[in-house]
Structures are given as C-alpha cells and as structure tokens.
Amino acid sequence: QVQLVESGGGLVQAGDSLRLSCAASGRTFASYVVGWFRQAPGKEREFVAAITRSGGNTFYTDSVKGRFTISRDNAKNTVSLQMNSLKPEDTAVFYCAASRRVMVPTTSTAYNYWGQGTQVNVSS
C-alpha cells in the first residue's frame, strides 16, 4: 500500500515556474514507477511525466518536454516535478501516481495508487 500526497500548486503568471512535490508513505516506494498526470476542466486526465524506479530514466509528453523535469529521492520517498516556462494551457489539477509495472506506463489505468491532486493555475 502506498499513499501519495501532492503539494506545491498555486496561481502563477505565464512564464513563471512551480515545483510540485509528491510525498509517499510506505517502505516499498522505490519499487514503484511514479508518474504525474493532469486534468483540465472538461478534459480527460492526461499523462505528463514519469520516472523509473531507480530514477535513471524519465519520460515526458511532448507538450512539456524541455520545460518540465521529473525527479525522485527514494531515501526521502519523494518525487518532484519542476515546471518552468508555464503556459495558460498548463492549467489543471496535477496528480501523482504510482505503478507496480516494470516498464513505465503512460496510461492512467496502469497506475495503482493516486494522490488527491494539486491545482495549478497559469494566468496569461
């Protein structure tokens, strides 16, 4: 069992940065792939980024490549999402999720545990 709690959301202007954090409980956190998803009003939840269990490989959706960076600290049971050059279209609720899969999944159904989400609003 893994419990995830996101933090770091807020209201910023276009071009600003935010750093989201995901704090996990459980001694087996390092055995999970962790991903970030987001859901904008009226839209489906979409994959944003993911990181392998060791943190050695990362994956991003095309729209955030070069702007977002995912990282993890297994000793502290945390995963972060550094978001730079934010755009109004990044406005969404961001969710942290953990998957037991060995290969990194990009579909939400492959993730077993979810946080409650943190709101990110980017004004133009």
Side-chain angles (χ1 to χ4, degrees):
Q1 185 82 9
V2 175
Q3 292 185 323
L4 305 170
V5 179
E6 303 96 334
S7 62
L11 173 63
V12 296
Q13 293 187 329
D16 286 350
S17 298
L18 274 178
R19 186 176 181 87
L20 305 184
S21 293
C22 175
S25 65
R27 290 177 289 180
T28 61
F29 176 68
S31 64
Y32 290 87
V33 167
V34 177
W36 284 94
F37 288 75
R38 64 186 178 187
Q39 188 165 19
K43 294 187 177 181
E44 293 186 353
R45 191 169 297 189
E46 66 169 352
F47 171 79
V48 176
I51 190 165
T52 53
R53 293 176 291 181
S54 67
N57 287 288
T58 57
F59 302 83
Y60 302 92
T61 192
D62 286 346
S63 62
V64 308
K65 284 180 181 177
R67 300 190 298 124
F68 291 11
T69 302
I70 188 171
S71 60
R72 71 188 295 166
D73 184 339
N74 287 337
K76 296 182 178 179
N77 278 11
T78 59
V79 172
S80 298
L81 184 68
Q82 177 67 40
M83 305 187 296
N84 299 328
S85 303
L86 283 162
K87 304 175 180 179
E89 51 264 43
D90 293 318
T91 294
V93 177
F94 280 71
Y95 298 90
C96 172
S99 173
R100 298 191 191 99
R101 298 281 183 93
V102 174
M103 302 297 289
V104 173
T106 59
T107 55
S108 61
T109 54
Y111 286 78
N112 307 99
Y113 302 102
W114 291 83
Q116 82 290 348
T118 185
Q119 179 72 49
V120 172
N121 289 305
V122 185
S123 63
S124 58

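Treat the numbers as computed from the prediction; the structure is a model and nothing was measured. Sequential numbering from 1 along the given sequence is applied to the chain's residues.
- Residue Val102 comes nearest to Val33 through the heavy atom pair O-CG2, 4.1 Å, listed as atom of the first residue, atom of the second, then distance.
- For the pair Gln82 and Ser71, the minimum side-chain heavy-atom distance is 4.5 Å or more.
- Counting all heavy atoms, side chain and backbone alike, Gln116 lies closest to Leu4 at OE1-O, 3.8 Å.
- How far OH of Tyr113 is from CZ of Phe29: 13.0 Å, rounded to the nearest 0.5 Å.
- Using a 4.5 Å heavy-atom threshold, the side chains of Asn77 and Ser25 count as separate.
- Side-chain heavy atoms closer than 4.5 Å link hydrophobic residues (I, L, V, M, F, W, Y) into clusters, and following such links, possibly through other members, connects Ile70 to Val64.
- Hydrophobic clustering (ILVMFWY, side-chain heavy atoms < 4.5 Å, transitive): Trp114 and Tyr32 are in distinct clusters.
- No donor-acceptor contact under 3.5 angstrom links the side chains of Asn121 and Thr91, judged on distance only.
- Across all non-hydrogen atoms, the minimal contact from Arg72 to Ala30 is NH2-CA, 3.9 Å.
- At least one donor-acceptor pair closer than 3.5 Å links the side chain of Thr52 to the backbone N or O of Asn57.
- To the nearest 0.5 Å, the span separating OG1 on Thr28 from CZ on Arg53 amounts to 11.5 Å.
- The two residues Gly115 and Glu6 have their closest heavy-atom pair at CA-OE2, 3.2 Å.
- No more than 12 heavy-atom neighbours from other residues, nucleotides or ligands sit within 6.0 angstrom of CD on Gln3.
- With salt bridges taken as basic N to acidic carboxylate O contacts below 4.0 Å, none links Asp90 and Lys87.
- By the 30° and 60° cut-offs, the orientation of the rings of Phe94 relative to Phe68 is tilted.
- The distance from the OG atom of Ser85 to the CG atom of Asp16 is 9.5 Å, given to the nearest 0.5 Å.
- Atom CZ of Arg45 and atom OG1 of Thr107 lie 12.5 Å apart (nearest 0.5 Å).
- Scanning all heavy atoms of the two residues, the minimum distance from Ser99 to Tyr111 falls at CB-CD2, 3.5 Å.
- The hydrophobic clustering, which links ILVMFWY residues whose side-chain heavy atoms are closer than 4.5 Å, places Val93 and Leu20 apart.
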Exercise for the section: List the steps, then state whether side chain to side chain contact (heavy atoms under 4.5 Å, CB included) holds for Met83 with Val120. Expected result: CA-CA 10 Å; Met83 305 187 296; Val120 172; 3.9 Å; yes
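- Neither Val34 nor Tyr95 shares a network with the other; the hydrophobic side chains, linked directly or stepwise wherever heavy atoms of I, L, V, M, F, W or Y lie under 4.5 Å apart, form separate groups for each.
- Under the 4.5 Å side-chain heavy-atom criterion for Ile, Leu, Val, Met, Phe, Trp and Tyr, Leu81 and Val122 are members of the same hydrophobic cluster.
- Summarising the geometry, atom CZ belonging to Phe37 is positioned 7.0 Å from atom OG1 belonging to Thr106; distances are rounded to the nearest 0.5 Å.
- Leu86 contributes atom CG, which lies 6.5 Å from atom CZ of Arg67 (distance to the nearest 0.5 angstrom).
- For the pair Ala40 and Ala92, the tightest heavy-atom approach, listed with the atom from each and the gap, is N-CB, 3.8 Å.
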